[in-house]
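First the structure, in the form of structure tokens, and then the observations on it.
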Amino acid sequence: MTAGENADGDPDGLTYADAGVDIADSEAATAALVDAASTGTDDTAYAGLVDLGDQYLALATDGVGTKLLVAEAVGDYSTVGIDCIAMNVNDLLAAGVEPAAFVDYLAVDEPNERRAAELGDGLAAGADAAGIALVGGETAVMPDVVRGFDIAGTAAGVATDAELFPGRAEAGDALVGFPSAGIHSNGLTLAREAATRDGGYDEPYPYEGYETVGDALLEPTRIYTHLLDAFREHGVHAAAHITGGGWTNLDRMGGFRYEVSDPLPAQPVFDYVQDAGGVSDAEMHRTFNMGTGFVVALPEDAAAALASQTDGEVVGRVADGDGVSIRGLSL
């Protein structure tokens with residue numbers, strides 16, 4: 001493959017790296033930071049755990065990324081606060097932790113009362129959906145550092161050792177997937193590049209459900225915390241929040257072969273991005289959740305019961321080996 005080609009050899013097809021985000025470089029930079037600041041924690045874990053003796057304090061921190069640029073372009077900030085909550089509490093859930101509280105950090109180039117109010121409304125809605133408390137935050141005005149605005153936050157929760165997921169799948173486990181709401185908050189750099197290639201965010205959305213392309217891209221990240229009791233009841237071994245890196249996040253459940261034979265259907269927004277950007281199937285699955293926002297690995301004999309109790313579906317299995325396969329497509 002030469003520079004500018006996607007994984008199918010199409011010289012005009014977009015890749016995430018073309019759009020400005022090279023996953024390999026990002027992972028290398030993250031690894032360098034982790035190595036420099038390491039205290040012996042597991043860098044594949046979704047949450048940082050602090051041993052308090054009889055329980056663990058769990059912390060997760062994340063932001064919304066370049067989805068904020070879509071919000072700014074269309075002048076609608078009402079949903080990105082939900083994304084900020086979701087990206088953090090879903091990471092705690094992936095560790096088996098029930099989130100309890102959240103603090104936010106908003107950096108702006110200049111104060112904007114309407115934007116701040118809409119961001120606050122979104123944070124409140126996300127906190128209500130996740131069942132957590134908003135316990136404060138910080139707004140920093142930094143015109144020499146920030147152009148526009150950025151929002152991030154940290155979620156905290158506690159869990160005993162018995163409540164935490166083991167964190168590692170087992171060969172023979174089944175995989176149960178849970179639907180996403182759409183693109184969520186990862187891969188927006190590629191999605192934005194595709195969406196603005198021949199049009200803009202105000203273009204009519206070519207499928208049902210949204211008026212404009214911008215509306216479809218701003219659909220907020222789904223919050224999955226209500227599933228925790230069912231996960232514990234059915235003995236989930238490990239979980240993956242399908243975020244940056246798309247389906248390769250399954251590797252974070254341990255070194256196995258993840259065979260996804262029956263993935264959940266992808267929402268039309270993914271068809272739109274793929275068609276508009278000429279993006280290959282492999283690149284789509286390495287970048288986006290493709291309709292599945294959360295996946296758990298659990299004993300095969302418990303999978304059907306979990307699926308019937310929730311809106312999940314059995315999508316595949318865990319086998320010996322390595323890598324991720326989606327209907328035969330190797331990532």
Side-chain angles (χ1 to χ4, degrees), residues 19-21 26 29-30 33 47-48 59-92 99-157 181-193 195-196 199-203 205 210-223 225 243-244:
V21 179
S26 178
T30 300
L33 175 61
L59 299 166
T61 190
D62 205 346
V64 182
T66 66
K67 193 171 189 175
L68 299 179
L69 296 178
V70 182
E72 194 155 36
V74 303
D76 181 1
Y77 311 98
S78 62
T79 62
V80 291
I82 300 174
D83 289 294
C84 193
I85 296 283
M87 295 302 291
N88 285 283
V89 298
N90 289 343
D91 278 359
L92 289 187
F102 185 86
V103 294
D104 65 273
Y105 176 78
L106 174 63
V108 302
D109 56 358
E110 61 182 44
N112 181 309
E113 186 175 348
R114 182 180 71 84
R115 180 178 63 194
E118 291 188 10
L119 290 171
D121 287 343
L123 289 170
D128 183 64
I132 61 172
L134 291 175
V135 293
E138 170 73 10
T139 297
V141 180
M142 301 187 295
D144 293 332
V145 176
V146 177
R147 184 175 64 184
F149 76 107
D150 190 22
I151 187 169
T154 299
I183 283 182
H184 285 182
S185 297
N186 291 100
L188 267 295
T189 299
L190 177 54
R192 290 188 302 105
E193 184 75 14
T196 57
Y201 302 126
D202 58 350
E203 292 287 321
Y205 183 62
Y210 305 96
E211 290 188 7
T212 68
V213 170
D215 292 337
L217 296 182
L218 285 178
E219 177 69 37
T221 304
R222 185 182 176 194
I223 292 172
T225 52
T243 56

If you take all heavy atoms of [X] and [Y], which pair is closest and at what distance?
| X | Y | answer |
| --- | --- | --- |
| Gly153 | Cys84 | N-SG, 3.8 Å |
| Met87 | Ser185 | SD-CB, 3.7 Å |
| Leu59 | Ala156 | CD2-CB, 3.6 Å |
| Val146 | Gly148 | CG1-O, 3.7 Å |
| Gly157 | Leu92 | N-CD1, 4.0 Å |
| Val213 | Gly200 | CB-O, 4.1 Å |

Nearest 0.5 Å, please: how far is [atom2] in [Y] from [atom1] in [X]?
| X | Y | atom1 | atom2 | value |
| --- | --- | --- | --- | --- |
| Tyr77 | Asp121 | OH | CG | 14.0 Å |
| Asp215 | Tyr201 | CG | OH | 13.0 Å |
| Asp150 | Leu106 | CG | CG | 8.5 Å |
| Ile132 | Thr225 | CD1 | OG1 | 8.0 Å |

Checklist line | Sole residue of Ile85, Val135, Thr154 in side chain to side chain contact (heavy atoms under 4.5 Å, CB included) with Phe102 | finding: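 Answer after filtering Ile85, Val135, Thr154: Ile85.
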Next item on the list: Give me the one residue out of Glu219, Lys67, Arg222 that meets side chain to side chain contact (heavy atoms under 4.5 Å, CB included) with His184.
Entry: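 Only match with His184 under side chain to side chain contact (heavy atoms under 4.5 Å, CB included): Arg222.
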Notebook entry, point to check: With a cut-off of 6.0 Å (strictly less than), are more than 12 heavy atoms of other residues, nucleotides or ligands near CZ of Arg147?
Noted result: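 No, CZ of Arg147 has 12 or fewer neighbouring heavy atoms, counting only those of other groups under 6.0 Å.
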Please check: side-chain N/O of [X] versus main-chain N/O of [Y], any donor-acceptor pairing under 3.5 Å?
| X | Y | value |
| --- | --- | --- |
| Thr66 | Leu69 | no |
| Asp62 | Asn88 | no |
| Thr212 | Glu203 | no |
| Thr79 | Leu218 | yes |
| Asp83 | Thr221 | yes |
| Asn90 | Ile223 | no |

Checklist line | Flag side-chain contact, heavy atom, 4.5 Å: Asn112 against Phe149 | finding: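 No, every pair of side-chain atoms sits at 4.5 Å or beyond.
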